[in-house]
Structure formats: structure tokens, C-alpha cells
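Note sheet for the following structure.
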Amino acid sequence: PLSTTSGTTNKVSLADSYVVQINDDAGSGAGNLELSKDGGTTYSSTWTLVPLRTILPDDASPSIGVGTMAIDALQTSASTTYDQGLLLGGVSGGDGSVILTCKGCRNHSNADAIIQIDKMVNDDFQEEGDNDENDDENLQQLIDILSRVAVQTIAKHISSDATTTTTGNGNTNKLLAEMRTEDNDDADDKKWVSITLPSTTQTNNESTTERYLLSSILSQNGYSPLFASYLPPTDTSTTSPAAKQLEVIEMSDMVDSDGHPLGYIPRSLVHKFNILHRGIGIVVCRDTHITNNNTTKADPNTNNKRNENYKSYENDDHHDTHIETTTLPDIYVHRRTDTKRIFPGLYDMFVGGVSTTGEESPLTAAREVAEELGLTRALLHSSVQQQSSDVNDDDRAEEENALSDPLFKCIICTAYNRCVVTMFTYRYVSGGVEKVKWQEEEVAWGDFVSYDVIERAASLSIRRLKEGGDWPGAMGNEEDGSTSLGNNCTNDVKLSSHSTNEIQWQAWDFVPDGLLVWEAW
């Protein structure tokens with residue numbers, strides 16, 4: 001887990017080949033009142049995009065993986081101090097960085113609220129072999145998309161400004177009752193915002209202005225028309241209005257390194273520009289949870305440790321003398337079908353998924369395990385129906401115990417995916433009514449497997465990726481738990497309910513993203 005350094009106010013994230021560093025102003029408005037027509041407070045936020053390649057030290061290990069590089073750059077940036085958006089830690093102008101200066105003000109009158117985004121690109125730095133035209137187009141699109149996320153940050157400040165205002169003598173007048181009524185033209189659902197955005201081309205410096213309702217921008221589930229130019233064209237042959245068609249666009253949250261949402265983005269753009277977002281991972285356990293033994297209710301920001309009641313291995317060179325079965329429960333492993341577009345035929349020990357905008361992580365976990373494996377007890381518990389009086393107390397307790405509390409968070413970075421993952425376990429009850437039911441087009445095989453086997457199979461899979469130069473994490477031969485566990489794999493370790501002759505677990509290749517989560521686990 002990463003946290004910003006104590007004493008700094010900046011947040012950090014990732015997008016494309018950049019670390020994004022955000023510094024929010026408290027909203028004093030000093031010197032920025034030119035945006036206001038009636039003395040309203042001006043809020044500001046500075047978004048600095050710094051190329052990953054300029055942040056890491058020159059002596060960085062050549063064996064560093066693409067994911068480790070991104071996380072190291074994120075950690076370095078989290079401890080950087082700022083002055084007007086310019087880095088004081090060694091990154092200078094002309095390095096390929098971009099500075100977005102965002103300002104906004106809510107006018108307490110019938111006039112539109114104003115949000116203005118200005119950009120400065122230090123584009124002198126270029127590497128040999130750069131495709132200038134394609135890189136410029138990609139960068140300009142990224143600037144525009146992040147500008148629209150920054151708009152949401154300012155809009156939240158403007159909305160909170162609608163609830164209170166401070167008079168000259170320091171007294172706070174509460175305006176909530178008079179400003180949030182339907183008859184007041186200054187309520188959020190009637191307040192329009194004029195947004196000035198920088199040009200989307202490098203050669204044209206003309207800005208553009210767009211106008212939206214403030215309440216629409218702040219919609220709990222996101223507002224896709226804010227990104228309409230990047231979405232598929234609406235189908236004019238249907239009777240469904242264009243606005244209704246845009247409503248079904250799935251939105252995800254861009255987050256900082258602690259997993260806190262910065263703003264929503266269409267999910268297709270999250271993946272296209274490899275933007276740091278939030279998701280979940282679930283280990284499905286047979287009959288008992290694997291718990292964090294540090295506290296009764298685990299702090300998601302602490303490292304996970306095995307319960308003291310479980311036996312654990314000594315990570316040494318003589319591991320083969322410690323091959324005793326642990327009391328850790330069997331966990332569910334599945335193999336993806338060969339027809340899957342991404343990672344066909346690979347294995348995974350997790351159920352994973354991306355949280356939609358406005359969706360809490362436990363609900364994401366309950367939804368994903370229901371969709372992927374047909375395990376619905378946690379989803380039933382989270383539904384309104386669960387609160388009905390006709391539900392048996394024993395059934396309610398069983399459903400409440402299906403999904404664990406969050407165990408920890410970790411950041412997973414690859415060349416195609418960057419995610420702050422919140423981890424859970426799901427307790428499957430042997431012999432219970434609930435049965436695993438996966439979709440045949442998604443899963444080719446799945447079963448509960450001994451924890452010992454998963455440790456060794458995952459270790460071997462990581463080793464093969466490292467040997468092939470495809471591992472997104474650290475590429476060296478450093479001694480870690482997952483590596484040492486694989487040094488003496490033998491056929492003596494049995495699958496939970498299968499013989500090793502049935503399934504050759506030593507050859508299992510796992511999804512790289514899942515292996516990164518496994519290392520964190």
C-alpha cells in the first residue's frame with residue numbers, strides 16, 4: 001500500500017506513461033476572484049503529468065519490471081513537494097511534463113458557475129524513435145480526458161460552496177435550506193456550469209466551452225455526456241433518445257494511490273489509457289475464511305498475515321523438509337476458456353472485477369462472485385430483500401458470513417492494467433445448498449485445490465514468466481516467499497480431491513495480474 005508522505009497535500013495517480021500529481025487548493029480565492037461575478041470563492045487544483053521515465057533514478061535496476069517501475073515512480077512522486085505545480089525534486093521544464101491549472105467558482109446568482117482549465121506542455125524532451133504524430137495525438141486526448149476528471153474535482157468544491165458561505169466578519173451563513181429548494185434557481189439541479197477546456201490539438205490554442213447542469217456532473221453513477229466525444233455514436237435508427245443510450249455507458253473511477261476516487265471515466269477509456277482505477281479480488285475458500293490476525297476487523301491498509309492457528313512454512317533453502325499440510329482451507333481455482341479474448345487458457349486463483357462509479361468495494365465483490373461463479377449468498381445479504389422480516393435468522397447469519405471484511409489493499413500495475421485492489425475472502429460451505437455454477441463460455445474448468453498446491457503452482461508460473469522476460473514485477477532473483485516455495489516442488493503434494501495424474505499442476509500458467517495479487521497476498 002502507498003500513502004502520500006506526511007506533510008504533503010498532493011495526491012498521485014497513473015495514466016498512460018505518466019504519473020499524475022494533484023495538488024488541491026483549500027479555496028481561499030486570494031488573487032483568483034476574476035472568475036467570480038459576485039465575490040464567490042474560487043477553488044483551484046493543479047494536475048501535473050510527469051513521464052515515468054523522468055522520475056526514476058538513472059541507476060535504477062535494469063531488471064525492473066514494467067509494473068514495478070510504475071509503482072516505484074508512484075512512490076517517488078508521493079513524497080515530492082510542489083510550488084505552483086512545478087516539481088522541486090529534480091524534474092525540470094522541457095522534460096515532457098504537462099501542467100493543468102484548474103480553477104472554478106460558483107456565482108451566487110443566476111449567472112453560470114465557471115470552471116476553467118489551462119494547460120502548459122513542456123515538450124522539448126523527446127527520445128530517439130518517438131512517433132511524434134501519434135504520441136502528440138495520444139497526449140492531447142489524455143490531457144482532455146484528465147481535464148474532464150479535474151472538472152469533477154472543482155465541481156465538488158463548487159457544490160459544497162453552495163451549502164455555506166463566509167461573511168466578512170468570519171461568520172458562516174448556512175444557505176442549504178434556501179439554495180437546495182426546487183424554487184431556487186441557484187440549487188444544484190438548476191445551476192449551469194460553463195466549462196472552458198484547452199484545445200485538443202497542439203497546433204490550435206483555441207479553447208472550447210461546454211455547458212452542463214452541476215447536478216449532472218456530480219451524478220452518483222457518473223455522467224457520460226461529459227465524455228461524449230470519446231464514446232460510440234448513438235444509434236439514430238432506434239427510438240431510444242441519444243441521452244438514454246449514453247446512460248448505459250459503464251463508468252469507473254480514476255483513483256489516487258490510496259484508492260480514493262478522483263473522478264469517473266468511461267471504463268473503455270480507463271483501459272485504453274491504462275488509468276489507475278479501483279477493483280476487488282476474492283479468494284473463494286472451502287468452509288472457512290482466511291483471516292487477518294492483526295485485528296478483529298482488519299485495517300485494509302495493513303499487511304495481511306496468516307492466522308496464528310495456521311501452520312506456516314519456513315522460507316529457507318531446505319523447504320522440502322517442511323512439507324506438512326497446512327490447515328489453510330482449500331481455495332477455488334479455475335481455468336479460462338481458450339476462446340477468451342484476454343489470457344485464454346490461463347489459470348486464476350482469484351475472482352476479480354472493476355468497481356463501477358458509486359459502487360462500494362464489498363458490493364463489487366458480492367456482484368462479481370455471483371456473476372462469475374454463481375455464488376450469491378453475499379449478494380443476497382447486500383440486497384434490500386435481505387432485510388425482510390420473513391428471512392430465517394440462521395439463513396441471514398449464513399449470508400452475512402459469506403464475504404469477509406476487507407483484508408488489505410494492493411496496487412497492481414502491468415503494461416495494460418493498473419488497479420488498486422481491495423481483497424476479500426468468500427466462504428463456500430461444503431454440502432450446502434449453494435453450488436458453484438460458472439458460465440461455459442467463460443470457464444473451462446474449476447475446482448477447490450489444496451492451498452499448498454496453489455503456492456507451488458503460482459511460484460513455478462512466476463518463475464517461467466521471469467525466465468521469459470514477461471514478468472511485470474521485479475525481474476531479479478531476489479529471495480522472497482513465493483520464489484523459495486517453488487525450489488523443491490515434488491509430486492508428493494496432492495490436489496485436494498484429485499491425484500496428480502489427473503491434473504498436472506506444475507504446468508499451470510496463471511494470469512499475470514492474478515500472480516501480482518498473489519505476491520501481495
Side-chain angles (χ1 to χ4, degrees), residues 4 8-15 18-29 32 35-36 40-50 74 77-78 82 84-85 98-107 112-120 142-164 188 191-198 207 209-227 230 251-266 269-270 273 275-278 355 357-358 420:
T4 52
T8 63
T9 59
N10 56 298
K11 293 168 284 191
V12 291
S13 187
L14 292 165
Y18 297 86
V19 168
V20 183
Q21 304 151 322
I22 303 107
N23 192 357
D24 289 332
D25 176 45
S28 64
N32 295 324
L35 291 183
S36 173
T41 302
T42 296
Y43 295 92
S44 64
S45 179
T46 303
W47 291 50
T48 307
L49 284 64
V50 182
L74 201 62
S77 301
Y82 293 82
Q84 300 298 318
V98 179
I99 298 174
L100 298 176
T101 304
C102 322
K103 298 178 182 178
C105 178
R106 181 189 185 113
N107 294 303
D112 285 3
I114 298 172
I115 297 178
Q116 178 179 313
I117 313 288
D118 296 312
K119 71 176 179 181
M120 181 177 71
L142 180 63
I143 290 172
D144 184 60
I145 290 167
L146 295 183
S147 295
R148 294 171 189 273
V149 179
V151 161
Q152 299 168 47
T153 301
I154 300 296
K156 291 174 185 176
H157 287 304
I158 289 176
S159 179
S160 60
D161 190 34
T163 64
T164 60
D188 276 2
K191 189 70 175 181
W192 288 87
V193 184
S194 291
I195 303 171
T196 302
L197 296 163
S207 58
T209 301
E210 300 176 9
R211 194 167 180 258
Y212 303 95
L213 277 171
L214 178 58
S215 59
S216 296
I217 296 175
L218 298 175
S219 172
Q220 181 179 1
N221 298 319
Y223 184 61
S224 55
L226 186 61
F227 297 90
Y230 297 96
M251 310 296 282
S252 300
D253 290 324
M254 178 179 181
V255 299
D256 65 16
S257 58
D258 292 319
H260 301 139
L262 299 170
Y264 54 81
I265 302 178
L269 297 181
V270 167
F273 290 95
I275 290 171
L276 187 65
H277 57 286
R278 63 188 181 94
S355 295
T357 294
V420 178

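Heavy atoms only, all atoms of each residue included: Leu226 and Arg148 are closest at O-NH1, 2.7 Å. In this structure, Gly259 and Val420 approach most closely via the heavy-atom pair CA-CG1, 3.8 Å. Closest approach of Arg278 and Pro261 over heavy atoms only: NE-CG, 4.3 Å. Nearest approach of Leu74 to Ser13, heavy atoms of both residues: CD1-O, 3.4 Å.
Using a 4.5 Å heavy-atom threshold, the side chains of Leu142 and Val98 count as separate. In this structure, Ser216 and Pro225 have side chains that are not in contact, with every pair of non-hydrogen atoms separated by 4.5 Å or more. In this structure, Ser45 and Ile22 have side chains that are in contact, with non-hydrogen atoms separated by less than 4.5 Å. For the pair Thr153/Trp47, a side-chain contact is recorded, criterion being any heavy-atom separation below 4.5 Å from C-beta on. Residues Val149 and Ile265 meet the side-chain proximity criterion, which asks for heavy atoms closer than 4.5 Å. Put simply, the side chain of Ile158 does not reach to within 4.5 Å of the side chain of Lys191, judged on heavy atoms. Proximity of Ser355 to Asp253: side-chain heavy atoms (C-beta onward) are nowhere separated by under 4.5 Å.
Of the candidates Leu214, Ile154, Leu213, Leu218, Val193 forms a side-chain contact (heavy atoms from CB on, under 4.5 Å) with just one, namely Leu214.
Rounding to the nearest 0.5 Å places CE of Met120 at 3.5 Å from CD1 of Ile99. Atom-to-atom distance recorded for Ile114:CD1 and Thr196:OG1 is 8.0 Å, nearest 0.5 angstrom. Note that CD1 of Ile145 and CD1 of Ile275 are 6.0 Å apart. Values are rounded to the nearest 0.5 Å. Interatomic distance, Asp24 CG to Lys156 NZ, rounded to the nearest 0.5 Å: 10.0 Å.
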Check your understanding: Cys102 and Val151: side-chain contact (heavy atoms from CB on, under 4.5 Å), yes or no, with the steps?
Key -> CA-CA 8 Å; Cys102 322; Val151 161; over 6 Å; no
Review point. Between Leu197 and Ile117, is a side-chain contact (heavy atoms from CB on, under 4.5 Å) present by the stated rule, with each step listed?
Key: CA-CA 5 Å; Leu197 296 163; Ile117 313 288; 4.0 Å; yes
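Proximity of a side-chain donor or acceptor of Gln152 to a complementary backbone N or O of Tyr264 within less than 3.5 Å is detected. Using modelled atom types, no side-chain atom of Asp258 and backbone atom of His260 make a donor-acceptor pair closer than 3.5 Å. Looking only at distances, no side-chain donor or acceptor of Ser159 sits under 3.5 Å from a matching main-chain atom of Ala155.
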